[in-house]
Peer 1: 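Here it is, the structure in full.
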There are 2 protein chains.
Amino acid sequence: MKIALTASPPRRSPRGRGGAEARIVRSIGEAIADRRLPPGTKLAEESLAQVFSVSRERVRKVLLLLAQRQVVTLIPNRGAFVAKPTAQEAREVFEARRVIERAVMDKICALPRPLPPAMLARLNDHRAQEEAAERAGDRKALIRLSGQFHLLLAEFAGNGTLATILASLIDRSGLAIAAFERRTAHTCSAEDHRRLIDALAGTGDHTHGAGCGCADAVTLMMTHLDAVEAQLDLDATPDTAVDLKSIFAEDG
Amino acid sequence: MKIALTASPPRRSPRGRGGAEARIVRSIGEAIADRRLPPGTKLAEESLAQVFSVSRERVRKVLLLLAQRQVVTLIPNRGAFVAKPTAQEAREVFEARRVIERAVMDKICALPRPLPPAMLARLNDHRAQEEAAERAGDRKALIRLSGQFHLLLAEFAGNGTLATILASLIDRSGLAIAAFERRTAHTCSAEDHRRLIDALAGTGDHTHGAGCGCADAVTLMMTHLDAVEAQLDLDATPDTAVDLKSIFAEDG
DNA sequence: GGAGGCAATTTTGTGCACAATCATGCCAAC
DNA sequence: GTTGGCATGATTGTGCACAAAATTGCCTCC
């Protein structure tokens with residue numbers, strides 16, 4: 001009894017044991033994000049295979065994935081390198097972020113007020129995490145949290161496609177920051193995030209009145225992104241060498 | 001004399017013979033774009049390998065690439081299928097396009113006037129191509145040209161990163177159209193493109209005065225995207241079966 | 001002393017073969 | 001007649017082995 005001559009509708013992946021690859025992708029991605037793997041670093045297949053205790057083909061697949069996200073560069077017969085954005089590319093990435101994050105903020109502002117408690121809770125929780133990392137001087141955690149914050153807002157905006165695009169842009173802007181940040185200390189913008197959360201939650205200096213600070217929030221986000229980009233020195237060309245084994249000591 | 005302990009700066013890929021993969025990606029991508037491969041179609045590795053006269057691993061690599069672009073769906077132990085967006089996903093993709101293409105139009109409007117002759121020439125050339133395809137009733141060419149038009153504008157905007165993102169969104173919106181378009185004929189929007197070109201080139205009904213129709217162009221683009229999305233029936237769930245061999249007869 | 005070329009080693013690329021998993025058709029039982 | 005399980009065939013997943021290419025070190029020559 002053949003009912004369906006048609007193509008079978010794909011069902012969702014049950015995330016069987018493909019988790020191993022996802023783990024490696026995440027591990028390398030995070031290492032790149034928090035500067036343990038600076039731009040230009042060579043990612044040798046065999047080394048990574050040993051570090052993560054997987055076959056070389058698996059590493060190869062992961063590198064292909066990361067190359068699609070433009071976080072590593074694949075050069076034929078030469079191998080994989082942590083991507084090193086050009087100054088132009090860096091500017092493009094930040095402009096793209098402004099475009100998308102403005103839309104994200106607009107969508108959040110269009111949300112019915114007051115915001116759902118779950119949202120406010122997650123915002124406050126995030127604020128607490130950032131403040132804790134700031135007090136502890138945990139720079140790596142701060143970088144990771146900063147990315148997560150922007151992604152959190154994109155999630156609230158309710159467009160998963162935009163959120164995915166933004167995630168990729170955040171990765172790449174992290175790369176740009178790693179490649180072009182000035183030697184001088186920079187404030188890491190935790191204060192900016194605080195103000196943004198205040199504007200969104202309405203707990204800021206709008207002490208009375210129904211003002212939710214929506215327009216403020218959009219402006220704050222744009223100013224925030226401008227500030228981050230302004231902290232870059234789009235002329236430098238840094239590069240360093242690292243030891244893969246020591247960097248991935250805790251993973252594997 | 002060891003000068004550089006640092007990682008070697010990656011140079012650009014010379015596009016050696018990786019062109020074979022690019023060819024297959026393009027071939028499959030186009031087949032999906034102009035509906036020869038409807039959403040849900042199974043893409044068997046062995047069949048594709050025979051069709052393109054390459055090894056199965058090559059096909060596997062290509063499928064992984066297309067999966068990253070969300071144009072095919074990979075299901076473990078089941079194979080690859082042409083992606084079939086959900087209604088929600090379709091709406092998200094169109095919203096993302098509105099966000100990005102509004103920015104693109106804004107950037108084009110900020111360009112110094114008059115536009116460079118090369119730009120105008122390409123716009124007019126494209127208009128001619130669309131009109132020719134329209135007269136010939138070549139639906140497939142029209143679909144391809146429509147995508148190229150939006151990409152052309154993104155290129156003019158001068159942000160390659162945004163253009164790349166938009167290219168992916170255009171592919172996906174083509175998929176959404178294939179999955180959800182109403183059975184009734186639709187006008188294919190060549191007229192919209194014409195009006196857009198007029199507004200940009202200043203050859204429209206602003207017969208005199210310096211008005212370049214910039215604000216008009218932005219509005220036209222938004223209206224255009226709304227119209228395309230409005231032509232979809234975000235409830236249907238079509239699926240068909242096709243013969244891979246016959247579809248790729250001219251490629252290979 | 002430095003530059004250029006050559007050989008050895010390391011690293012990447014690719015195809016093949018086998019293992020694992022899933023779809024299909026068949027048979028038996030209810 | 002329908003449902004359930006089972007065996008068979010087909011398809012995908014994975015590791016391995018070999019081929020190709022590049023980097024490195026070394027030697028020779030200028």
Peer 1: Between the side chains of B:Lys107 and A:Glu95, is the shortest nitrogen-to-carboxylate-oxygen separation below 4.0 Å, so that they form an ion pair?
Peer 2: yes
Peer 1: For B:Ile32 and B:Val71, work out which heavy atoms get closest and say how close.
Peer 2: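 For B:Ile32 and B:Val71, the tightest heavy-atom pair comes out as CD1-CG2, 3.6 Å.
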Peer 1: Which residues satisfy the side-chain hydrogen bond (donor to acceptor under 3.5 Å, both in side chains) test with B:Glu92, sequence neighbours excluded?
Peer 2: A:Thr161, B:Gln88
Peer 1: Given atom CG of B:Leu74 and atom P of D:dT11, what is their separation to the nearest angstrom?
Peer 2: 16 Å
Peer 1: Return the minimal non-hydrogen interatomic distance between A:Ala67 and A:Leu74, and the atom names on each side.
Peer 2: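 Taking A:Ala67 first and A:Leu74 second, the nearest heavy atoms are CB-CD2, 3.9 Å.
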Peer 1: Counting N and O atoms only, with roles assigned by atom type, does the side chain of A:Ser173 sit under 3.5 Å from a partner on the main chain of A:Leu169, one being a donor and the other an acceptor?
Peer 2: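 Side chain of A:Ser173 to backbone of A:Leu169, a donor-acceptor pair under 3.5 Å: yes, one is there.
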Peer 1: Write down the distance between CZ (B:Phe81) and P (C:dA23), rounded to a whole number of angstrom.
Peer 2: 8 Å
Peer 1: Fit a plane to each ring of B:His150 and B:His224, take the angle between them on a 0 to 90° scale, and name the class: parallel (under 30°), tilted (30 to 60°) or perpendicular (over 60°).
Peer 2: parallel
Peer 1: Nearest whole Å is fine: how far is D:dG13 C1' from B:Leu63 CG?
Peer 2: 14 Å
Peer 1: Answer yes or no: does a side-chain N or O of B:Ser55 lie under 4.0 Å from OP1 or OP2 of C:dT14?
Peer 2: no
Peer 1: Could you state the atom-to-atom distance from CD of B:Glu57 to P of D:dT14 in whole Å?
Peer 2: 12 Å
Peer 1: Looking at B:Arg58 and B:Glu45, is there a salt bridge between them, counting it only when a charged N and a carboxylate O are closer than 4.0 Å?
Peer 2: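 Here B:Glu45 does not pair with B:Arg58 in a salt bridge, since their nearest N and O are not under 4.0 Å apart.
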Peer 1: So, for A:Ile143 and A:Ala33, which heavy atoms are closest and what is the spacing to 0.1 Å?
Peer 2: CG2-O, 3.7 Å
Peer 1: Report the distance from atom CZ of B:Arg58 to atom P of D:dG13, rounded to the nearest whole Å.
Peer 2: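 One finds 18 Å between P of D:dG13 and CZ of B:Arg58, rounded.
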Peer 1: Identify each atom pair where a protein N or O and an N or O of nucleotides 5-10 of chain D are less than 3.5 Å apart, giving names and distance.
Peer 2:
none

Peer 1: Enumerate all atom pairs, one protein N or O and one N or O from nucleotides 5-12 of chain C, separated by less than 3.5 Å.
Peer 2:
residue: C:dT12; atom: OP1; partner: A:Lys42; partner atom: NZ; Å: 3.3
residue: C:dT12; atom: OP2; partner: A:Glu45; partner atom: N; Å: 3.3

